[in-house]
Amino acid sequence: MDPKVKINFWYVVFAVFAILALQFLYVQAQRVEPISYSAFKAALRDGRVAEVLIGDNVIQGTFRESGPEGPKAFVTTRVDQDLVQDLEQYGVDYTGIVESTFLRDLLSWVVPVVLFFGLWMFLFRNIAERQGLGGFMAIGKSKAKIYVEKDTKVTFDDVAGVEEAKDELKEVVAFLRDPRQYGRLGARMPKGVLLVGPPGTGKTLLARAVAGEAGVAFLSISGSEFVEMFVGVGAARVRDLFEQARKAAPCIIFIDELDALGRARGAGPLTGGHDEKEQTLNQLLAELDGFDPSEGVVLLAATNRPEILDPALLRAGRFDRQVLVDKPDLRGRLAILGVHVKKVRIDPALDIKDVASLTPGFTGADLANLVNEAAIAATRRDGQSVTLADFTVAVERIVAGLEKRNRIMNADERRVVAHHEMGHALVAKALPGTEVVHKVSIIPRGIGALGYTIQRPIEDRYLMMRDELENKMAVLLAGRAAETLVFGRVSTGAADDLDKATEIARGMVVRFGMHEALGNVTYEAERAAFLADGALGAWQPRRYSEDTAREIDRAIRQFIDAAFERATMVLAANRAALEAGARRLLEKETLTAEELPDVVAPEADRAARAS
């Protein structure tokens, strides 16, 4: 006989016996007659009681007389004998009752247990919520936020300045809308698309726009939400995420900050892995191998640190395509500003191109913040619309920091700062190939800036010549040169200028091969493109000897000395303009490009500018 059949047979036997036992108990209960205690006393005096079982409160027994169904049992409740005599004296029918203590006993045990368990659950829930765990059953569940089409509300029209990235992602939209038509020639959709770029360039916005254009569900989660304090939770959440995606197909899975989850395993002491993180990453790799893109599930991810991702993530068949979302150029900034200025009231005379030219290196998030800051500045001055002056104030606030008018400098410090900033402005105006000076100010800003000079690039540049780098160093060192020329001593105000000039000179020597004595050799590798300049990003192993290191130091010093001498020469030739500009700056505190004095460039620079 089949084991399953045996199990079912014994279930039937057990059910039959249970029914018979319940029937027997019911019949026995029906044969017992509850009577009053006075009736029991009367039956006892009449001799009709056969036998009794006496308890503390209850008396059970049977009668002598037999009925049709045999001896009939009875049950009654005892009453105190002294009270019985009094009741019988007056002919009162009486019976006893047994006070039930079941509920009291039950509550005495249950209530403390419930209170203790409730308090324990309350404390555990608070701790779990702080740790991001939720309930017991939700620990292994994915925390992905699911947005339907009406919730996304973002399309490609809301994304500007990254046209190449949008073109790449339009293929994903076409596939999600009509997978059969897209694959009619045998092509398959990439399993994963990795959006790479600096922070604030619109990677998350692009992913939401893809979901909005395709009209599909959008599952969004951060890479840091996979790993928790319990072992195995990360892998369970990865499995649950892909299971949700298969049920919601067609849909898009978006993992933001993928580097928190996909860091390279065992890549060295600075990027070493953790067992739990590696287990989570391994599960993600297995899921990427296991799901079929023809089901309508597309995986998008974003990171600003692609250099630390595990190579297994980036191989063909997982994240097949990498899309660069870089900082926008001039046209891109124009398009982004065009999107954001629709939300504010701008001056009809304002040319957005002037604002775009003021913001080289700004990301989409920076430009959105710029428009908001300009609107706040216009509101603060009680203006009717946002003008170019408001955008200039916003740029200064973002780049240089908040004005510190309450930071009072003495007269000597003001003269030093005025000559320092005017030195930057005049050398930048005199040398060819430098950025145009937009504004000079001696109003303290930010944490340590006692003055600032804002330059505006004429156009976006992607390549710089050696002479342009030398001119840039001369502009940076012009503040120190002005202090030396006028006062005969130097101050601490040039610390940031010296740091930037040294970085340029070092790059010219060790990376660009621009020093004749050291030749066309690269001595240091290029730093990671998206890593911030910090201790980890700056450290690199030395690949040259001590003699070469000494030559590198000499070459850097030569570039710096030459730039300083050139700046001093320009300022010496324009000493009168330097003094006049410093006096005017002390009076007005801020000068625009039109208010700067005219300068005379050296012969070589005039020839270069003319050519």
Side-chain angles (χ1 to χ4, degrees), residues 358 360-361 392 395-396 399-401 409 413-446 448-458 464 467-487 489-505 559-602 605 609:
L358 281 173
T392 303
V395 170
E396 292 173 358
V399 174
M409 294 186 293
E413 288 177 337
R414 282 172 54 84
R415 289 185 66 241
V416 171
V417 174
H419 285 84
H420 182 104
E421 298 301 333
M422 190 53 59
H424 286 309
L426 295 185
V427 173
K429 194 173 182 180
L431 297 181
T434 57
E435 297 175 347
V436 177
V437 177
H438 180 67
K439 180 182 284 189
V440 183
S441 177
I442 59 171
I443 299 175
R445 282 184 176 270
L450 300 179
Y452 60 95
T453 302
I454 296 180
Q455 294 177 261
R456 182 175 61 186
I458 301 175
M464 294 194 74
D467 58 337
E468 293 175 334
L469 292 172
E470 291 174 342
N471 290 343
K472 190 171 184 178
M473 284 191 295
V475 173
L476 288 169
L477 296 173
R480 169 63 63 90
E483 295 177 17
T484 305
L485 183 64
V486 176
F487 302 102
R489 61 184 190 273
V490 296
S491 69
T492 59
D496 187 59
D497 300 329
L498 294 174
D499 183 59
K500 292 178 180 178
T502 304
E503 281 295 315
I504 294 175
F559 278 128
I560 295 293
D561 292 343
F564 184 80
E565 291 177 4
R566 192 174 187 192
T568 304
M569 179 181 62
V570 172
L571 293 176
N574 296 275
R575 178 68 179 268
L578 175 63
E579 296 287 357
R583 287 194 300 270
R584 191 180 305 172
L585 189 57
L586 285 170
E587 294 173 2
K588 301 185 64 175
E589 291 189 335
T590 301
L591 298 177
T592 61
E594 294 76 14
E595 297 173 314
L596 294 176
D598 294 329
V599 294
V600 178
D605 294 322
R609 189 181 291 273

When you look at Leu591 and Met422, which way does the side-chain contact (heavy atoms from CB on, under 4.5 Å) test go after all the steps?
CA-CA 10 Å; Leu591 298 177; Met422 190 53 59; 3.9 Å; yes
Main chain of Pro432, side chain of Asn471: is a donor-acceptor contact present, judged purely on distance under 3.5 Å?
yes
Test log, rule side-chain contact (heavy atoms from CB on, under 4.5 Å), inputs Glu579 and Val486:
CA-CA 9 Å; Glu579 296 287 357; Val486 176; 3.8 Å; yes
The reported gap from CD1 in Ile504 to CD in Glu470 (rounded to nearest 0.5 angstrom) is 11.0 Å
Thinking salt bridges, do Lys439 and Glu594 make one under a 4.0 Å N-O criterion?
no
Does the pair Glu587/Arg583 count as a salt bridge with the N-to-O cut at 4.0 Å?
no
Search all heavy atoms of Ile442 against all heavy atoms of Ala418 and return the closest pair with its distance.
CG2-CA, 3.8 Å
Gap between atom OG1 of Thr590 and atom CG of Leu585 - 0.5 Å precision:
7.5 Å
Out of curiosity, Leu469 CG to Phe559 CZ, how far, rounded to the nearest 0.5 Å?
9.0 Å
Rounded to the nearest 0.5 Å, how far apart are CG of Leu477 and OG1 of Thr502?
7.5 Å
Please give me the minimum heavy-atom distance between Ala430 and Val570, naming the atom from each residue.
CB-CG1, 3.7 Å
Is the backbone of Leu586 close enough, under 3.5 Å, to the side chain of Arg414 for a donor and an acceptor to pair up by distance?
yes
Atom CZ in Arg415, atom CZ in Phe487: separation rounded to 0.5 Å?
4.0 Å
Is the backbone of Ser491 close enough, under 3.5 Å, to the side chain of Glu483 for a donor and an acceptor to pair up by distance?
yes
Do Asn574 and Pro597 come close enough that some side-chain heavy atom pair is under 4.5 Å?
no
Between His420 and Val416, is there a donor-acceptor pair closer than 3.5 Å when you use the side chain of the first and the backbone of the second?
no
Does Thr453 reach the main-chain N or O of Val440 with its side chain, forming a donor-acceptor pair under 3.5 Å?
no
Should Arg575 and Leu571 be marked as a side-chain contact (heavy atoms from CB on, under 4.5 Å) after you check the CA-CA gap, both sets of side-chain angles, and the distance that decides it?
CA-CA 6 Å; Arg575 178 68 179 268; Leu571 293 176; over 6 Å; no
Could you tell me the separation between the CD atom of Glu421 and the NE2 atom of His424, rounded to the nearest 0.5 Å?
5.0 Å
Identify whether the distance between the nearest side-chain nitrogen and carboxylate oxygen of Lys472 and Glu435 falls below 4.0 Å.
no
Test side-chain contact (heavy atoms from CB on, under 4.5 Å) on Val427 and Arg566 and set out the steps.
CA-CA 9 Å; Val427 173; Arg566 192 174 187 192; over 6 Å; no
Could you pull out the closest heavy-atom pair between Val475 and Ala428, with the gap in Å?
CG2-CA, 3.7 Å
Identify the heavy atoms of Leu578 and Ala482 that sit nearest to each other, and give their distance.
CD2-CB, 4.3 Å
Keeping the roles fixed (side chain from Arg480, backbone from Leu498), state whether a donor-acceptor pair exists under 3.5 Å.
no
For a quick test of reading the model, state the closest non-hydrogen atom pair linking Ala567 to Ala478 and the distance between them.
CB-CA, 3.9 Å
Where do Ile560 and Ala505 come nearest, in terms of heavy atoms and distance?
CD1-CB, 3.9 Å
